[in-house]
Amino acid sequence: MKNLHLVEHPLIRHKLARLRQEECPMPEFRRLLDDIGTLMAYEVTRELETEPVEIRTPVAPTVCQRLKRAPVLVTILRAGIGMLNPFMHLLPESPVGFLGLQRDEETLEPESYYSKIPSVARTSPVILIDPMLATGGSALDAIEHLKKNEVHDITFVCLVAAPEGVQAINERHPELPIYTAALDDRLNDHGYIVPGLGDAGDRVFGTGADDIR
């Protein structure tokens, strides 16, 4: 699979094992998602450009490195919010954009309902965040929305991916890097990742199928 980066680390594997468990309560799920996101952010930002800057330490002047351009963080609502905080914490200078995409449970196709992307995304690297890459429909819709608005330097970050979703992005956008903590087996007939971890949005926010709409 092209441009797929599997972020492997003993702590990620340990925390992901607990996060996947059906009985993992909402507060712990949120904490674990934040922990894993922080560990992943280190690898996702490894290729960011830096530039020299002159500073003075308490001892002497010196030349250090700083980010040339802070990346723009774009999250796909609503589950992406659960993975946004660790990136904001490590990149406090980064602007943040939001894309509202909702999956039709019958067709499995994404429906767009909200978009607010900082204009600087056209000239900055963009980190697109969504915990689950299943069919790839929502990710592709988000990527194509960004590209139509002249945003091209995009990296996609997810917690768990299915081979079908990775292949879908590879076929349409072969240049686009994908970072994930786990590449799972497959999708089931309902478009959910197997073994996966269920609906990430419901588990982050404590919602379910029987909630008020």
Side-chain angles (χ1 to χ4, degrees), residues 1-46 73-87 99 101-103 105 108-110 127-143 154-173 176-209:
M1 293 185 181
K2 298 178 182 178
N3 290 324
L4 177 66
H5 303 270
L6 188 59
V7 184
E8 293 190 291
H9 189 283
L11 285 178
I12 291 179
R13 290 195 292 267
H14 172 77
K15 291 174 182 292
L16 184 57
R18 176 57 181 158
L19 187 97
R20 287 184 188 270
Q21 289 183 279
E22 187 175 5
E23 70 272 16
C24 181
M26 181 181 67
E28 186 179 2
F29 190 93
R30 290 176 178 174
R31 178 183 61 78
L32 289 167
L33 187 57
D34 195 83
D35 289 350
I36 296 170
T38 299
L39 292 165
M40 290 188 67
Y42 178 81
E43 287 298 326
V44 172
T45 57
R46 182 180 290 277
L73 307 175
V74 176
T75 186
I76 299 176
L77 300 175
R78 66 187 163 127
I81 293 175
M83 207 169 167
L84 176 62
N85 185 64
F87 285 86
L99 280 173
L101 300 168
Q102 182 170 293
R103 186 173 67 166
E105 294 300 330
L108 305 182
E109 292 298 316
I127 299 174
L128 179 62
I129 302 167
D130 193 12
M132 312 299 285
L133 176 58
T135 64
S138 293
L140 286 170
D141 194 61
I143 292 164
I154 305 167
T155 296
F156 183 78
V157 179
C158 63
L159 180 68
V160 177
E164 293 90 336
V166 174
Q167 184 176 353
I169 293 179
N170 282 172
E171 289 176 354
R172 300 265 288 272
H173 306 281
L176 195 142
I178 302 168
Y179 284 81
T180 185
L183 181 64
D184 279 11
D185 298 338
R186 59 182 176 83
L187 296 178
N188 65 17
D189 293 339
H190 299 287
Y192 284 98
I193 301 172
V194 179
L197 49 80
D199 188 303
D202 283 346
R203 298 192 69 183
V204 168
F205 299 110
T207 53

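Along the sequence shown, the residues carry numbers beginning at 1.
- Applying the side chain to side chain donor-acceptor pair (under 3.5 Å) criterion to Arg30, with sequence neighbours excluded, gives no partner residue.
- The two residues Phe29 and Ala200 have their closest heavy-atom pair at CE2-O, 4.1 Å.
- Taking His14 as the reference, nothing meets the side-chain contact (heavy atoms from CB on, under 4.5 Å) condition, with sequence neighbours excluded.
- Here the CD1 atom belonging to Ile36 is positioned 12.0 Å from the NE2 atom belonging to His9, to the nearest 0.5 angstrom.
- For Asp202, the salt bridge (charged side-chain N to carboxylate O under 4.0 Å, His left out) partners two or more places apart in sequence, or in a different chain, are Arg78.
- Residues Asp141 and Leu99 fail the side-chain proximity criterion, which asks for heavy atoms closer than 4.5 Å.
- By the salt bridge (charged side-chain N to carboxylate O under 4.0 Å, His left out) test, Glu23 is found to be paired with Arg18, residues two or more places apart in sequence or in another chain being considered.
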(request) Assess whether side-chain contact (heavy atoms from CB on, under 4.5 Å) is satisfied between Leu33 and Leu159, documenting all intermediate values. (result) CA-CA 8 Å; Leu33 187 57; Leu159 180 68; 3.7 Å; yes

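- Qualifying salt bridge (charged side-chain N to carboxylate O under 4.0 Å, His left out) partners for Arg20, counting only residues two or more places apart in sequence or in other chains: Asp184.
- The line from NE2 of His173 to CD1 of Ile154 is 7.5 Å long, rounded to the nearest 0.5 Å.
- In this structure the side chain of Met83 reaches within 4.5 angstrom of the side chain of Val157, judged on heavy atoms.
- With a 6.0 Å radius and a threshold of 12 heavy atoms from other residues, nucleotides or ligands, Gln167 has its CD atom at or below the threshold.
- Between Phe156 and Ile76, the shortest heavy-atom distance links the atoms CE1-CD1, 4.5 Å.
- The main-chain N or O of Tyr192 is never found under 3.5 Å from a side-chain atom of His190 such that the two would form a donor-acceptor pair.
- Put simply, the side chain of Arg203 gets close to the backbone of Leu197: a donor and an acceptor are under 3.5 Å apart.
- For the atom pair CG of Leu32 and CG of Leu19, the computed distance is 5.5 Å after rounding to the nearest 0.5 Å.
- The side chain to side chain donor-acceptor pair (under 3.5 Å) search around Asn170 returns none, not counting sequence neighbours.
- Pairing each heavy atom of Ile12 with each of Ala181, the nearest pair is CG2-CB, 3.8 Å.
- Applying the ring-ring contact (aromatic ring centres under 6.0 Å, His included) test to Tyr179 and every residue at least two apart in sequence or in another chain returns His5.
- The side-chain contact (heavy atoms from CB on, under 4.5 Å) test applied to Ala162 returns Glu164, Leu187, Ile193, not counting sequence neighbours.
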Side-chain atoms of residues 37-44: list all donor-acceptor pairs with protein atoms under 3.5 Å, sequence neighbours left out, distances to 0.1 Å.
| from | atom 1 | to | atom 2 | distance (Å) |
| --- | --- | --- | --- | --- |
| Thr38 | OG1 | Asp34 | O | 3.0 |
| Glu43 | OE1 | Arg46 | NE | 3.1 |
| Glu43 | OE2 | Arg46 | NH2 | 2.8 |

(request) Would you sort out whether Leu128 and Asp130 count as a side-chain contact (heavy atoms from CB on, under 4.5 Å), showing the intermediate values? (result) CA-CA 7 Å; Leu128 179 62; Asp130 193 12; over 6 Å; no

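- Smallest separation of non-hydrogen atoms from Gly82 and Val204: CA-CG1, 4.2 Å.
- The nearest pair of heavy atoms linking Thr75 to Gly80 is OG1-C, 2.8 Å.
- Contacts of Arg13 classified as side chain to side chain donor-acceptor pair (under 3.5 Å), with partners at least two apart in sequence or in another chain: none.
- Taken to the nearest 0.5 Å, the CD1 atom of Ile127 stands 6.5 Å off from the OG1 atom of Thr45.
- In this structure, Asn3 has no side-chain contact (heavy atoms from CB on, under 4.5 Å) partners at least two apart in sequence or on a different chain.
- Residues satisfying the side-chain contact (heavy atoms from CB on, under 4.5 Å) criterion with Leu4, sequence neighbours excluded, are Met1, Val166, Ile178, Thr180, Leu183.
- A distance of 4.5 Å separates CD1 of Ile169 from CD1 of Ile143, quoted to the nearest 0.5 Å.
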